[in-house]
Structures are given as structure tokens and as C-alpha cells.
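The structure appears below as C-alpha cells.
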Amino acid sequence: MYKIAVVGATGLVGQKMLEVLERKEIPFDELVLYSSPRSAGKEISYKGKNYVVKALTEEEANQKFDFVLMSAGGKTSEQFSPIFENAGSIVIDNSSAFRMHQDIDLVVPEVNQPKLKRKIIANPNCSTIQSVVPLKPLQDKYGIKRVAYTTYQAVSGSGVSGINDLKNGEQGTEPVNYPHPIYNNALPHIDVFLENGYTKEEQKMIDETKKILELENIRVTATCVRIPVQDSHSVAINVTLDKTATVEEIKALFENNPHVRLVDNIEKNEYPMAITATGTDDVYVGRIRQDDSLDNTFHIWCTADNLLKGAALNAVQILEQIHLNKLN
């Protein structure tokens, strides 16, 4: 039995983490919920018991937990994750604070395992997570030379404020979270712009793909777009393989892979959609076709729930992965 903490328990991802912990029946004998001082004192009902959410302080972080699920933003994680770690806790952090640190594991359980050089494990970017799940079997069988991403990301990736901008925008209300209206619009701008012209979100996908797949020399590029959809991200993946493959072979590879769900029947207009992915744990792939402009290159359309597989589910799967390794 474990002592577990959820940091950011009142947020969208924190609430999903609690749902997944319950659904996966993760064993614990003590659960502590934390939030910012603004949300402290709220009550959350979980498995028939009411929990009062505590404000996260250094004193609280100095107690030992078996696992800390952290979803409270980069600055909070930078401050408190090392304190939890020094107290002996394993921290699974949903922010980008530690992802590219060399001594920190960046984990998608269908792809790789934590080595636990340190007791902080980073949860990757939501769009990266769903993309590397189908890329991994391609890497294992054919090898990968190049990946080009175009993402179509839901507003829930920005939290409640992003959802509010979409809902209020229909009434003509000016956006609060985004620099332009998101309602009836598409914004090729997620996170801040960098000196190279990419956004931070795009650079995350590039760097994280290389780290997770352990392919430092792979060529990766990305364009990340926010669209007026509430939940679930879609990613157009364009991938160049090392070894020759056919569309039929790639479809068969996915059809026999337990980590992806192939939905690809254009005669019946069947393909992955955000509305289908929402509320499910699956990573969906489809619209698989040859790119005739580049040798041995293929298009793959991929959708997944960004709050589940893209965040909360992946974090709990990491916990589950460590739990099962301990049992074995």
C-alpha cells in the first residue's frame, strides 16, 4: 500500500489523475491532495471519502510519499519537486521543468521505462506522448530517419482559461488566455516564440521525440496549432523510414500492436477523430498513406485525449509501471 500525493488536485489534469487512480485501482492507504493557496480548503470527494485540499508548502513537501503526482506548472515543480525527492518521494511531474535534464527520465510507458537515476520522472508534452506511441513500433521494425509534425491541439490543453476563451468567444467576448479569438479561428501559436522562429511547444516536440526514442540524429520538425475544439489533440505525422515499407505493412503493424487503435476505412469515412478519442485511453491512428513527394515516407493521422493519455493517464501509467516492477 502506498502513500500518494496529488499536487494541483483541483485543476483539470489533477482531477483526471484522481479519476485514473481510482479506475486503475492503484493501492494506497493514504492520499493527500495539494493545490495553490487560492484553492486550499476546498473539499474533493474521492472513493466515498471527502478530502480537504491543502496548500503546498516546503514543510508539507518534506514528508516522504511513495509517489507524488505533480500537475501544478513549471515554477511550482521547480521549487517543490526536489524537496519531495530529497525526502525520498518518487515525483512524476507533468510540467516541462525537468524534461530535458540529462539525469531525469522522460517516460511514455508504451515506449520506454524509467531508469530512476533520480526520483523525479518527467511526463512528456501531450502531443509528443500520443505521437511517439505509434512511432515506436515503426522505429523497432523499420527505423526512422525523419519526422514532421503538424498538431491540431484542443483548448483544454490551456486549462480552464482556454476552455473559457472558446465558450465565451461564441458570445463575442474578448479572449483572456489567447492573444486572438480562438472561437471560429485557428492559432499557429502555442507557448512563446523562440529566436529560431519556432514556438516553445514546437521545440518541446522536437527535443522530446529525440530523447524518448533515443535517436539524437533523427531529423524532427513541428508546427503546433491551437484549434476551436474543447478536448483531444490531433497530430498529422509525416515519417520517413530507414527500411522499405508499404502502407499495408504499416497498417498490419498497427493492427497487431496493443498500444494503438487502427481506424482506417476511407470507404466508410472511418478515421480517427477528436470526438471519438475524448474520454478514452486509446491512441488512434489512421489515414495512413504514402507520401509521394519523399522516398519511403508516410502520412499518419493520430488522435488522443490530451487530458488522459496526454497527461493524467500517462503519469499514472508510469506509477503503475514502477509498481509492477516492484512486484516482479
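Residue numbers start at 1 and run along the sequence shown.
- Side chain of Asp291 to backbone of His299: no donor-acceptor contact under 3.5 angstrom is found.
- Judged by distance alone, the side chains of Gln153 and Thr151 do bring a donor and an acceptor atom under 3.5 Å apart.
- Listed for the Glu249 side chain is a donor-acceptor partner under 3.5 Å among the backbone atoms of Thr246.
- With no hydrogens or angles considered, a side-chain donor-acceptor pair links Asn125 and Glu201 at under 3.5 Å.
- Salt-bridge annotation for Glu214 and Lys115: present, with a side-chain N of the basic residue lying under 4.0 Å from a carboxylate O of the acidic one.
- Salt bridge present: Glu19 and Lys16 bring a charged side-chain N and a carboxylate O closer than 4.0 Å.
- Listed by chain and number, the residues in a salt bridge (Lys or Arg N to Asp or Glu O under 4.0 Å) with Asp105 amount to none (sequence neighbours excluded).
- Between the side chains of Asn177 and Ser161, a donor-acceptor pair is found at a separation under 3.5 Å.
- Checked by atom type, the side-chain pair Lys3/Gln63 shows a donor-acceptor distance below 3.5 Å.
- With Tyr183 contributing its side chain and Gly172 its backbone, the two residues share no donor-acceptor pair below 3.5 Å.
- Side-chain contact of Gln203 with Asp207: a donor-acceptor pair under 3.5 Å is present, judged by distance alone.
- Judged purely by atom type and a 3.5 angstrom limit, Glu255 has no side-chain atom pairing as donor or acceptor with the backbone of Leu262.
- When the shell of 6.0 Å around CG of Asp29 is examined, it contains more than 12 heavy atoms from other residues, nucleotides or ligands.
- Among residue pairs with one or both ends in residues 171-200, those qualifying as salt bridge (charged side-chain N to carboxylate O under 4.0 Å, His left out) are Asp191-Lys204; sequence neighbours excluded.
- Ser232 and Thr278 share a donor-acceptor pair across their side chains, judged by distance under 3.5 Å alone.
- Salt bridge annotation for Arg287-Glu270: absent, with no cationic side-chain nitrogen under 4.0 angstrom from a carboxylate oxygen.
- Because its NZ or CZ atom is not both nearer than 6.0 Å to the ring centre of Tyr142 and within 45° of the ring axis, Lys243 does not count as a cation-pi partner of that residue.
- Surrounding CZ of Arg289 are more than 12 heavy atoms belonging to other residues, nucleotides or ligands, all under 6.0 Å away.
- Ion pairing of Asp281 with Arg23 is present here, as a side-chain N (NZ or NE/NH1/NH2) and a carboxylate O approach within less than 4.0 Å.
- Side-chain contact of Thr57 with Tyr34: a donor-acceptor pair under 3.5 Å is absent, judged by distance alone.
- Atom NE2 of His101 has more than 12 neighbouring heavy atoms from other residues, nucleotides or ligands inside a 6.0 Å radius.
- Of the N and O atoms on the side chains of Ser158 and Arg226, at least one donor lies less than 3.5 Å from an acceptor on the other residue.
- Less than 6.0 angstrom separates the ring centroid of His323 from the ring centroid of Tyr2.
- A salt bridge does not link Asp103 with Lys117: every distance from a Lys NZ or Arg NE/NH1/NH2 to an Asp or Glu carboxylate oxygen is 4.0 Å or more.
- The side-chain hydrogen bond (donor to acceptor under 3.5 Å, both in side chains) pairs that include a residue from residues 69-78 are Ser77-Ser81, Ser77-Asp93, where partners are two or more places apart or lie in different chains.
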Under the side chain to side chain contact (heavy atoms under 4.5 Å, CB included) criterion, do Val283 and Cys302 qualify, and how do the steps go?
CA-CA 7 Å; Val283 175; Cys302 173; 3.6 Å; yes
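- For the residue pair Tyr149 / Thr128, no side-chain donor-acceptor distance below 3.5 Å is found, with atom types taken as modelled.
- For the pair Thr223/Val225, a side-chain contact is recorded, criterion being any heavy-atom separation below 4.5 Å from C-beta on.
- Ion pair Lys136/Glu110 not flagged as a salt bridge, since none of the NZ, NE, NH1 or NH2 atoms sits closer than 4.0 Å to an Asp/Glu carboxylate oxygen.
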Check the pair Phe65, Ile90 against side chain to side chain contact (heavy atoms under 4.5 Å, CB included), reporting the backbone distance first and the verdict last.
CA-CA 7 Å; Phe65 292 89; Ile90 294 176; over 6 Å; no
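- Using bins of under 30°, 30° to 60° and over 60° for the plane-to-plane angle, the ring pair His189/Phe193 lands in the tilted bin.
- Of the possible donor and acceptor atoms, none in the side chain of Thr276 sits under 3.5 Å from a partner among the backbone N and O of Pro272.
- Here the side chains of Glu208 and Leu106 are in contact, with some heavy-atom distance below 4.5 Å.
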